[in-house]
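Taking it in order: structure first as structure tokens, then the write-up.
Just so we're clear, the structure is a prediction, and the values are computed from it rather than from any experiment.
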Amino acid sequence: MAHKFTVSKYECWWEDAASYADWKPREEAVEDQLSICFTEGYLIHKDDDRHIFVMSFTSDDVGDEIVIPTRNIKLIRKIGTKTFDKRDFDYGSYKN
């Protein structure tokens, strides 16, 4: 059995800009806050600038990707690890 790759799954809370298209008094607008966002996904890369999470895999490609600026991350917690083998992506093994 050929080993493909191992990835770890994380919960990530991060801050993002908030925007509003409606009209409101200036006194209310100065009370608006940033948004706190939640992402759960497999971390495929991280460095000083960014964390890259994905949710879907083929044998060679990824999908459902989000890139979060590292400086925006408020809390990150590992929740599991998954190892994929070459046979996991063999289409024939899933046919009835």
Discussion item. How long is the straight-line distance from CG of Asp16 back to CD1 of Ile36, given to the nearest 0.5 Å?
Written reply: 9.5 Å
Worksheet, complete the sentence: In this structure, NZ of Lys82 is separated from OG of Ser8 (nearest 0.5 Å) by 12.5 Å
Practice prompt. Report the hydrophobic cluster partners of Met55, with the cluster defined as I, L, V, M, F, W, Y residues connected by side-chain heavy atoms closer than 4.5 angstrom, directly or transitively.
Written response: none
Discussion item. Would you say that Ile73 contacts Tyr10 through its side chain, given a criterion of any heavy-atom pair below 4.5 Å between the two side chains?
Written reply: no
Worksheet item: Run the side-chain contact (heavy atoms from CB on, under 4.5 Å) check on Phe57 and Val7 step by step: do they pass?
Response: CA-CA 11 Å; Phe57 298 91; Val7 289; 4.0 Å; yes
Worksheet item: Atom CH2 of Trp14 and atom CG of Leu75: how far apart are they, to the nearest 0.5 Å?
Response: 14.5 Å
Fill in: Check: Tyr42 side chain, Ser56 main-chain N or O, donor-acceptor pair, under 3.5 Å
no
Worksheet item: Around atom OH of Tyr91, are there more than 12 heavy atoms of other residues, nucleotides or ligands at under 6.0 Å?
Response: no
Discussion item. Would you say Val54 ends up clustered with Val67 if hydrophobic residues are merged whenever their side chains have heavy atoms under 4.5 Å apart, either directly or through other cluster members?
Written reply: yes
Worksheet item: Does CG in Asp22 sit with more than 12 non-hydrogen atoms of other residues, nucleotides or ligands closer than 6.0 Å?
Response: yes
Worksheet item: Say you draw a straight line from SG of Cys37 to CD1 of Ile66; how long is it, rounded to the nearest 0.5 Å?
Response: 7.5 Å
Discussion item. Strictly distance-based, threshold 3.5 Å: is any side-chain N or O of Asp85 a donor or acceptor partner for the main-chain N or O of Arg87?
Written reply: no
Worksheet item: Glu31 and Glu27: which non-hydrogen atoms are nearest, and at how many Å?
Response: CG-O, 3.6 Å
Response to the item:
To the nearest 0.5 Å, atom CG of Asn72 lies from atom OG of Ser35 at 11.5 Å
Discussion item. Do Ile68 and Ile52 land in one hydrophobic cluster if side-chain heavy atoms of ILVMFWY residues count as linked below 4.5 Å?
Written reply: no
Worksheet item: Would you say the side chain of Asp60 lies within less than 4.5 Å of the side chain of Lys4, judging by non-hydrogen atoms?
Response: yes
Practice prompt. Would you kindly confirm whether Phe5 and Val62 end up in one hydrophobic cluster when ILVMFWY residues are joined by side chain heavy atoms under 4.5 Å apart?
Written response: yes
Practice prompt. Run through Lys78, Lys9, His51 and flag the one making a side chain to side chain contact (heavy atoms under 4.5 Å, CB included) with Leu43.
Written response: His51
Worksheet, complete the sentence: All heavy atoms of Phe53 vs all of Gly41, minimum pair found to be CD2-O, 3.7 Å
